[in-house]
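Read through the structure below, which is laid out as structure tokens, and then see the notes.
Numbering of ligands and ligand atoms starts at 1, following listing order.
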Amino acid sequence: MTTAFADGIVHNFVGGEFAEPDSRSLFDNINPATGDLAGRVHEAGAALVDRAVRSARDALAGPWSSWTVNDRTALLRRAADRIQERFEEFVAAEVRDTGKPVTHARDVDVARAIANFRAFADVVGAAGQASFLTELPDGRRALNYAIRKPLGVVAVVVPWNLPLLLLTWKVAPALACGNTVVVKPSEETPSTAALLAEVLREAGLPAGVYNVVHGFGGGSAGESLTTHPGIDGVTFTGSTATGSHVMRTVAGRVRPVSFELGGKNAAVVFADADLDATLDGLRRSIFSNTGQVCLCTERVYVQRPIFDDVVDGLAARARELTLGDPLSETTTTGPLISRAHRDKVLTYFSLAREAGATTVVGGGVPSMAPALDGGSWIEPTIWVGLGQQDRPMRDEVFGPVAGVIPFDSEEEAIALANDTEYGLASSVWTSDLTRGHRVAQAMRVGMSWVNTWFLRDLRSPFGGMGLSGIGREGGEASLHFYTEPTNVCVQL
Ligand SMILES: NC(=O)c1ccc[n+]([C@@H]2O[C@H](COP(=O)([O-])OP(=O)(O)OC[C@H]3O[C@@H](n4cnc5c(N)ncnc54)[C@H](O)[C@@H]3O)[C@@H](O)[C@H]2O)c1
Ligand SMILES: O=C/C=C/C=C(\O)C(=O)O
């Protein structure tokens with residue numbers, strides 16, 4: 001099998017070739033916008049996952065191990081160039097798997113994949129090693145220096161919301177640091193991980209360095225991979241529940257883990273904020289990718305004097321969203337990833353009503369054109385009247401929804417925003433930048449924005465605390481996870 005999608009099937013990629021399945025069957029790949037069958041996917045059984053891990057282990061000891069930093073960073077730049085050349089293929093594959101608008105796939109998902117490869121080529125190419133000239137009281141002197149070695153065979157398990165962005169956010173630094181990887185993309189979004197295999201092979205990556213196994217989680221490829229004794233570490237992005245399970249799985253073998261998990265992110269809006277700019281920012285942070293971004297805002301705290309203005313403004317912006325054909329340039333909002341996920345989000349619509357909330361806008365399933373009627377569509381929704389302890393204000397919904405609650409003092413706003421077991425992201429909206437810095441620093445989150453959202457410098461540490469994850473990736477933080485340093489001490 002020579003290509004990712006031969007015969008209309010999304011194939012596994014093992015040892016440099018698109019592999020036939022072993023014992024497992026095909027599973028459906030559904031287009032979330034229409035509910036139609038977009039294609040079939042070969043599910044990798046345990047034997048194929050084992051072959052993938054062994055291929056990665058063999059590759060680690062093969063020619064790949066003699067590649068220099070310059071060789072690897074050049075490979076990453078060739079991969080970025082090749083994705084650029086095949087840009088529309090990646091966009092089409094991502095839209096087919098997710099139903100997201102072509103504008104988002106183009107401007108965010110695929111653009112960031114290219115940026116990820118280029119950023120980590122720069123970071124690794126410029127990275128130095130720690131060294132110290134040691135002078136002891138007894139007169140002895142030594143040179144201490146650290147050399148970084150690859151972590152080894154890394155299991156990369158990623159979710160369905162930003163498939164290529166999140167995959168390359170991990171694969172780029174892993175390869176830059178000389179590791180080999182076995183990737184398990186979400187069962188909902190297999191295509192771009194397979195297409196990336198073609199690109200990396202075209203860019204000259206040796207066989208076995210990048211492997212893709214498709215399937216589900218428990219009882220399928222995900223579990224086969226994370227429980228495999230041949231992996232040296234796991235980088236996982238997904239739900240908190242799954243992350244916790246995977247952590248228990250690898251704990252027995254004391255393997256390093258990097259977890260980017262769920263969130264229940266707050267926005268704090270002060271009365272002196274630039275109202276239009278803030279509303280435009282919150283429109284993005286609440287409704288981008290149909291709210292299916294771990295960094296999305298689901299809790300909005302507004303200083304009382306402008307509460308009604310913000311609620312009315314958010315409702316107006318929600319009504320302006322265009323739900324429709326993902327391939328149309330005018331569509332702003334796609335469906336949720338699946339009917340099952342929509343059922344979960346609808347459960348929170350019911351919980352909000354039961355809690356006495358007022359649904360200012362949305363709150364149901366929109367009627368769509370016949371061609372889209374089978375999709376997993378949901379109305380962008382804003383709630384007021386929820387209490388801080390109501391489940392729609394505590395649980396991650398992962399849809400285009402937010403609850404809005406008023407506050408009076410800065411101290412109260414910080415307390416409300418930090419009243420969560422998650423700790424991923426927040427945004428603060430104010431014209432007083434001294435207060436912006438102060439409140440942003442007070443947030444117990446990994447990412448704290450002021451007067452903006454999802455503005456990213458890929459050199460900065462990214463990740464969450466509490467139920468939102470373990471560790472950070474990005475810039476030097478990725479080097480620390482994807483390498484094992486050895487400190488050498490030489491007496492002089
Ligand atoms: N913090 C972040 O950067 C970030 C980014 C994106 C999504 N997320 C979170 O991911 C969730 C949505 O994505 P999802 O539904 O794909 O998450 P998920 O946890 O259901 O699945 C994530 C990945 O793990 C695999 N998996 C599931 N069970 C497994 C198991 N037992 N062993 C091994 N692998 C297993 C899945 O097949 C998938 O590839 C949301 O909670 C969202 O907040 C977090
Ligand atoms: O859905 C979660 C989004 C994660 C984003 C990143 O990992 C990033 O911007 O690097």
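The side-chain hydrogen bond (donor to acceptor under 3.5 Å, both in side chains) with Thr297 is formed by just one residue from the set Ser426, Ser285, Ser288; it is Ser285.
A side-chain donor-acceptor contact under 3.5 Å links Arg148 and Thr483. Side chain to side chain, Lys170 and Thr235 meet the donor-acceptor criterion of an N or O pair below 3.5 Å. In this structure, a donor-acceptor pair under 3.5 Å is present between the side chains of Ser220 and Glu43. Looking only at atom types and distance, the side chain of Thr347 has no donor-acceptor partner in the side chain of Ser350 under 3.5 Å away.
Taking every non-hydrogen atom of Phe454 and a distance limit under 4.0 Å, the qualifying atoms of ligand 2 come out as 9 (O). Here is the list of ligand 2 atoms found below 4.0 Å of a heavy atom in Asn161: 1 (O), 2 (C). Interface atoms of ligand 2 facing Val293, defined by a heavy-atom separation under 4.0 Å, are 1 (O), 2 (C), 3 (C). With ligand atoms numbered from 1 in the order given, ligand 2 contributes 1 (O), 3 (C) to contacts under 4.0 Å with heavy atoms of Leu162.
The single protein non-hydrogen atom nearest to atom 3 (C) of ligand 2 is Cys294 SG, 3.1 Å, given as residue, atom name and distance. With hydrogens left out, the protein atom closest to atom 6 (C) of ligand 2 is Phe462 CZ, 3.5 Å, a heavy atom.
Applying the salt bridge (charged side-chain N to carboxylate O under 4.0 Å, His left out) rule to pairs touching residues 220-243 yields Arg57-Asp232, sequence neighbours excluded.
Contacts between Leu166 and ligand 2, counted as non-hydrogen atom pairs separated by less than 4.0 Å, involve the side chain only.
Lys264 has a carboxylate O that lies under 4.0 Å from a charged side-chain N of Glu298, or vice versa, which qualifies the two as a salt bridge.
Of the polar atoms of Arg456, at least one N or O is found under 3.5 Å from an N or O of ligand 2, judged by distance alone.
Using cut-offs of 30° and 60° on the angle between ring planes, the pair Phe398 and His341 is perpendicular.
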Counting only pairs under 3.5 Å, give me each side-chain donor-acceptor contact of residues 461-469, with atom names and distances, residues two or more places apart or in other chains.
residue : atom : partner : partner atom : Å
Ser468  : OG   : Gly262  : O            : 2.6
Ser468  : OG   : Gly423  : N            : 2.9
Ser468  : OG   : Leu424  : N            : 3.3

Show me the donor-acceptor pairs within less than 3.5 Å that the side chains of residues 155-166 make with the rest of the protein, sequence neighbours left out.
residue : atom : partner : partner atom : Å
Asn161  : ND2  : Gln292  : O            : 3.0

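Note on ligand 2: Arg112 sits in its first shell, one or more heavy atoms being nearer than 4.0 Å.
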Check each N or O atom of ligand 1 against all protein N or O atoms and list the pairs under 3.5 Å, with atom names and distances to 0.1 Å, one per line.
residue  : atom   : partner : partner atom : Å
ligand 1 : 1 (N)  : Glu260  : O            : 3.4
ligand 1 : 1 (N)  : Leu261  : N            : 3.1
ligand 1 : 1 (N)  : Leu261  : O            : 2.5
ligand 1 : 3 (O)  : Glu260  : OE1          : 3.3
ligand 1 : 10 (O) : Gly238  : O            : 3.3
ligand 1 : 10 (O) : Ser239  : N            : 3.3
ligand 1 : 15 (O) : Trp160  : NE1          : 2.8
ligand 1 : 16 (O) : Trp160  : NE1          : 3.3
ligand 1 : 17 (O) : Ser239  : N            : 3.4
ligand 1 : 19 (O) : Ser239  : N            : 2.9
ligand 1 : 19 (O) : Ser239  : OG           : 2.8
ligand 1 : 19 (O) : Thr242  : OG1          : 2.8
ligand 1 : 37 (O) : Lys184  : NZ           : 2.6
ligand 1 : 37 (O) : Glu187  : OE1          : 2.7
ligand 1 : 39 (O) : Val158  : O            : 2.8
ligand 1 : 39 (O) : Lys184  : NZ           : 3.1
ligand 1 : 41 (O) : Glu396  : OE1          : 2.5
ligand 1 : 43 (O) : Glu396  : OE1          : 3.2
ligand 1 : 43 (O) : Glu396  : OE2          : 2.5

